[in-house]
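See structure below.
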Amino acid sequence: NQAYFLTSIKKAPAIYRVDLTSGKGTTIPITIGAFSPKKISSKNYQILENTKEILLFARATISKATSELHMIRISEDDNVDKPIKISGVGDNAIISISGCRVDASKIIITGTYAKKGGLSEGLFFGEVEDGTVNYIRYYNFLDLKDFLSYLPEKKQDKIEKKKAKKEAQGKEMTLDYWIADHDVIVLEDGYLFLGEAYYPTYRTETYTTYVNGRPVTQYRTVFDGYQYTHATLAKYTKDGEMMWDVCFEMNPGYKPFYVKRFIAISEQTATQISMVYTSGNEIVSKTMDFDGNIISDEKWDFIETGNANEKTKRTFSNVDHWYGNFFLAYGSQVVKNGKEKR
């Protein structure tokens, strides 16, 4: 019976809680040590339903080029724990981050990082226990065994040759992606990480202004949505060492204007996990064991129109978990029947 909002008050981040029974609102201010509230910006926040707590990841700005990332825990009764510094000056920059509580004292943090720039260059995996960061391990996307598998072979070979050339020069090659990561899945002997790779796209628009009464054509760059390309499933040991990784292509058919997770976990047992998602005109189901082997890989055509004379040209589709083993598949299609199109 509670609703939580991440907001800002006088340019300072805060959590606003509303009691849905009484309608009463409560502001939970966010502070990090001696930093001015206006120097603090929120990176991500999560409501952990099982433990009824909030994890807030916030960045404290030191200067234009340097900052610190902190994790702040807020309990069910609105108590705010002392911030835990995740990364500081000189560390890799955390681009995206999320947390998962695995027991009363331990939280796993995962996401993406970059050594420079705003796009991520790899995955990180860390452990926080009793207010202390035990470890954070970093993995360049190009060090993942299967990360390039969605690309055509010629492009894969070109990237691999360029990587080898850079390494021979004592340099590190990077690929820039963002990752929409799912909650970590806890196993008996480690953890499973699932993330969907995407990047922002842009288009050029023209518009007309008038200078001294004469029309002048101007150009501007406009955000055109996020292009999703593939997903990565990886297993880590309890110490954060990557054991294996598997990548598979994604083709949602459209570019959302917000960060979306297209894949839904349909089933998990003691030995395997199943995922379902839409790709183009198909619903895809994959089942993998915890050694990285694909057990099944099935595809079904999306809903047909019921008319044999019609052809589906494009499908924009989604599949979401509803409850139990039930999922909702929905979307829209461009259908052609002779010269008619709808």
Side-chain angles (χ1 to χ4, degrees), residues 6 13 15 28 30-35 39-48 50-63 65-75 79-118 120-141 143-144 172 174 178-187 189-195 232 234-243 245:
L6 178 62
I15 298 292
I28 308 171
I30 304 302
T31 59
I32 299 177
F35 285 97
K39 294 287 186 179
I40 301 171
S41 59
S42 57
K43 190 72 178 172
N44 183 28
Y45 92 115
Q46 300 169 263
I47 298 175
L48 307 185
N50 292 336
T51 53
K52 298 183 179 179
E53 61 186 325
I54 290 176
L55 294 182
L56 173 68
F57 298 94
R59 192 175 299 283
T61 300
I62 299 172
S63 67
T66 57
S67 62
E68 296 179 351
L69 182 69
H70 294 255
M71 181 177 74
I72 302 170
R73 175 188 171 273
I74 303 170
S75 65
N79 286 329
V80 182
D81 288 356
K82 181 181 177 181
I84 301 169
K85 188 170 77 171
I86 302 298
S87 65
V89 179
D91 296 332
N92 289 324
I94 301 299
I95 304 300
S96 64
I97 184 170
S98 62
C100 173
R101 182 172 290 284
V102 295
D103 60 38
S105 62
K106 191 180 297 182
I107 294 174
I108 294 299
I109 53 174
T110 60
T112 59
Y113 76 94
K115 292 184 177 179
K116 58 181 179 179
S120 53
E121 301 170 6
L123 302 174
F124 77 86
F125 195 92
E127 181 182 273
V128 179
E129 186 173 16
D130 291 327
T132 302
V133 178
N134 287 339
Y135 63 81
I136 298 181
R137 307 199 191 285
Y138 301 94
Y139 300 91
N140 186 316
F141 287 141
D143 290 335
L144 273 62
E172 182 183 31
T174 60
W178 286 343
I179 298 287
D181 49 344
H182 293 244
D183 287 347
V184 170
I185 299 170
V186 182
L187 307 177
D189 60 342
Y191 307 99
L192 275 186
F193 170 87
L194 175 62
T232 294
K235 183 177 180 180
Y236 294 88
T237 67
K238 293 289 186 180
D239 294 325
E241 299 288 349
M242 186 179 290
M243 300 172 66
D245 68 277

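Bear in mind the structure is a predicted one, so any value in this text is a computation, not a measurement.
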Is it true that, when you exclude D189 itself, more than 12 heavy atoms of the residues, nucleotides or ligands shown sit nearer than 6.0 Å to its CG?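 More than 12 within 6.0 Å, yes.
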How long is the gap from [atom1] on [X] to [atom2] on [Y], to the nearest 0.5 Å?
X    : Y    : atom1 : atom2 : result
Y113 : I136 : OH    : CD1   : 12.0 Å
I47  : K52  : CD1   : NZ    : 12.5 Å
K43  : I86  : NZ    : CD1   : 13.5 Å
Y138 : N92  : OH    : CG    : 5.0 Å
L56  : I30  : CG    : CD1   : 5.0 Å
K39  : T61  : NZ    : OG1   : 6.5 Å

Derivation and outcome, side chain to side chain contact (heavy atoms under 4.5 Å, CB included), residues L192 and L187: CA-CA 7 Å; L192 275 186; L187 307 177; 3.7 Å; yes
Between D181 and T112, does a side chain to side chain contact (heavy atoms under 4.5 Å, CB included) hold up when you go through it step by step? CA-CA 9 Å; D181 49 344; T112 59; over 6 Å; no
Side chain to side chain contact (heavy atoms under 4.5 Å, CB included) between I109 and F57: does it pass, once the steps are laid out? CA-CA 11 Å; I109 53 174; F57 298 94; 4.2 Å; yes
Testing the basics here: between [X] and [Y], what is the closest heavy-atom pair and its distance to 0.1 Å?
X    : Y   : answer
H182 : S98 : O-OG, 4.5 Å
I32  : A60 : CD1-CB, 4.3 Å
G99  : L48 : O-CD2, 4.2 Å

Backbone N/O of D239 and side chain of R137: donor-acceptor pair under 3.5 Å: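 Checking the backbone N and O of D239 against the side chain of R137, a donor-acceptor pair under 3.5 Å is found.
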Without swapping roles, check the side chain of N44 against the backbone of I97 for a donor-acceptor pair under 3.5 Å.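 Yes, the answer is positive, given that a donor and an acceptor are paired below the 3.5 Å cut-off.
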Only pairs at least two apart or in different chains count here, so list each salt bridge (charged side-chain N to carboxylate O under 4.0 Å, His left out) that has a residue in residues 53-62.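 Non-adjacent pairs meeting salt bridge (charged side-chain N to carboxylate O under 4.0 Å, His left out): E53-R73, E53-R101.
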Quick check: do I40 and H70 have side-chain heavy atoms less than 4.5 Å from each other?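 No, every pair of side-chain atoms sits at 4.5 Å or beyond.
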Are Y236 and Y139 close enough that their ring centers fall under 6.0 Å?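 Ring centres of Y139 and Y236 closer than 6.0 Å.
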Check whether NZ of the Lys or CZ of the Arg K238 lies under 6.0 Å from the centre of the six-membered ring of Y191 and within 45 degrees of that ring's axis.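 Yes, cation above the ring, under 6.0 Å and within 45°.
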Kindly determine whether L6 and I15 satisfy side chain to side chain contact (heavy atoms under 4.5 Å, CB included), including the steps that lead there. CA-CA 5 Å; L6 178 62; I15 298 292; 3.8 Å; yes
Residues forming a salt bridge (charged side-chain N to carboxylate O under 4.0 Å, His left out) with D245, sequence neighbours excluded: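 Testing D245 for salt bridge (charged side-chain N to carboxylate O under 4.0 Å, His left out), a comparison that skips the adjacent residues, returns none.
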Side-chain donor-acceptor pairs of residues 122-131 under 3.5 Å, sequence neighbours excluded:
residue	atom	partner	partner atom	Å
E127	OE2	N134	ND2	2.7
E129	OE1	N134	ND2	2.9

